[in-house]
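To start, the structure under review is shown below, and the notes come after it.
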Amino acid sequence: MQRQSLVEVRVLYFAKSRDLAGTAEEIIKVPDRVTSQLLLEIITDRHIELKTIQQNLILAVNQDYISEESGEIQLSTGDEIAVIPPLSGG
Amino acid sequence: MTSDQVLIKLSSSVLSLDEATQFTTLPECGAVSVFIGITRDNCNGKTVLHLEYEAYEAMAVKEIQKICDHMLKTWDVRRIAVFHRLGYVPITEASVVIAVSSPHRKASLEAVEYCIDTLKATVPIWKKELYKEGDWIWKTNKECSWSKDAAS
């Protein structure tokens with residue numbers, strides 16, 4: 001079994017997720033191989049208020065949506081993760 | 001963002017319908033179909049004062065480009081302009097302008113409907129609605145697949 005290492009990623013929060021997290025962006029350390037579920041869990045553990053809308057959040061990595069179907073994702077230092085609450089453009 | 005066939009703009013100033021139709025108008029196109037989304041003064045019986053939009057801009061442009069790529073593949077449309085307003089938007093001003101040209105009208109009429117429906121479902125833009133009573137909410141599009149809430 002390969003050993004997991006940690007990477008530093010930039011996390012961006014938008015709209016309601018930014019209000020609840022109380023920050024627009026931060027740098028955090030995360031495992032370099034994660035599922036979308038685990039990554040969201042790590043992020044909402046840092047900002048407990050986000051748990052209230054966790055079911056309504058999805059993530060993007062380097063400006064592409066990820067989901068459970070994406071399986072395990074390989075992350076690198078410098079990757080950009082976005083916390084995306086339900087959309088309301090248009 | 002612009003290519004030969006697609007013009008995408010996210011802007012905090014008033015959107016120009018003229019710019020959208022001028023970009024899309026071509027000698028070989030008999031139709032320019034346009035959708036304009038307007039800030040409405042009421043929602044569920046409450047009086048809306050204004051809207052505030054924000055976007056994950058780099059990703060929003062990429063997602064709009066994906067929509068345009070799909071339109072160009074699916075219909076015989078020649079040019080597409082998609083403009084979205086950001087920041088403070090007063091009542092009656094346009095929050096979104098879409099123009100699509102095609103040799104014959106059916107293609108651009110169908111494509112423009114696809115464009116606004118998909119934009120609401122996939123493009124990372126958010127709208128805060130502020131009411132006369134002093135309260136406000138982040139809205140949710142019913143088209144957004146991962147919202148578990150009832151549509152607001």
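Below, chains carry the letters A, B, ... as their sequence lines are ordered, and counting in each starts from 1.
With a 4.5 angstrom heavy-atom cutoff, B/Ala121 touches chain A only via backbone atoms. For A/Leu12, the part lying under 4.5 angstrom from a heavy atom of chain B is the side chain only. B/Glu63 touches chain A through its side chain: at least one heavy atom from C-beta onward sits under 4.5 Å away, while N, CA, C and O do not. Contact of B/Tyr56 with chain A is made through backbone and side chain together, with heavy-atom distances under 4.5 Å. At a 4.5 Å heavy-atom cutoff, the contact between A/Asn62 and chain B is made by backbone atoms alone. Proximity to chain B is limited to the side chain of A/Ala60, based on heavy atoms less than 4.5 angstrom apart.
Taken to the nearest 0.5 Å, the OG atom of B/Ser147 stands 10.5 Å off from the CG atom of A/Leu57. Going from atom NZ of B/Lys139 over to atom NZ of A/Lys16 covers 12.5 Å, rounded to the nearest 0.5 Å.
More than 12 heavy atoms of other shown residues, nucleotides or ligands fall within 6.0 angstrom of atom CD in A/Glu26. Annotation for B/Lys132: atom NZ does not count as buried by contact number, only 12 or fewer foreign heavy atoms lying within 6.0 Å. Annotation for A/Arg46: atom CZ counts as buried by contact number, over 12 foreign heavy atoms lying within 6.0 Å. Residue-environment remark: NE2 (B/His104) stays at or below the threshold of 12 foreign heavy atoms within 6.0 Å. Heavy-atom contacts from other residues, nucleotides or ligands closer than 6.0 Å to NZ of B/Lys106 number 12 or fewer. Around the NZ atom of A/Lys29, the shell of radius 6.0 Å holds no more than 12 heavy atoms that belong to other residues, nucleotides or ligands.
Inter-residue side-chain proximity for A/Leu87 and B/Pro124 is flagged as met; some heavy-atom pair is nearer than 4.5 Å. With a 4.5 Å cut-off on side-chain heavy atoms, B/Thr140 and A/Ser88 do not count as touching.
Here the shortest heavy-atom pairing between A/Asp64 and B/Lys66 reads OD1-NZ, 3.4 Å.
No donor-acceptor pair closer than 3.5 Å links the side chain of A/Gln63 to the backbone N or O of B/Lys62. Remark: side-chain polar atoms of A/Asn56 are paired, donor with acceptor, to backbone N or O of B/Lys148 under 3.5 angstrom. The closest donor-acceptor contact from the side chain of B/His84 to the backbone of A/Gly89 lies at 3.5 Å or more, if one exists at all.
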Item to complete: Mind running side-chain contact (heavy atoms from CB on, under 4.5 Å) on B/Trp126 and A/Ile84 for me, showing each step along the way?
Response: CA-CA 10 Å; B/Trp126 299 271; A/Ile84 315 251; 3.6 Å; yes
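Under a hydrophobic-cluster definition in which Ile, Leu, Val, Met, Phe, Trp and Tyr are linked whenever side-chain heavy atoms come within less than 4.5 Å, directly or via other members, B/Val123 and B/Ile8 are assigned to the same cluster. Hydrophobic clustering of Ile, Leu, Val, Met, Phe, Trp and Tyr side chains at less than 4.5 Å, counting indirect connections, unites B/Phe35 with B/Ile125. Each of B/Val100 and B/Leu26 belongs to its own hydrophobic cluster when Ile, Leu, Val, Met, Phe, Trp and Tyr are linked at side-chain heavy-atom distances under 4.5 angstrom. A single hydrophobic cluster is seen to contain both B/Leu7 and B/Val34, as judged by linkage of ILVMFWY side chains at heavy-atom distances under 4.5 Å, directly or through other members.
The aromatic ring centres of B/Trp146 and A/Tyr65 sit less than 6.0 Å apart.
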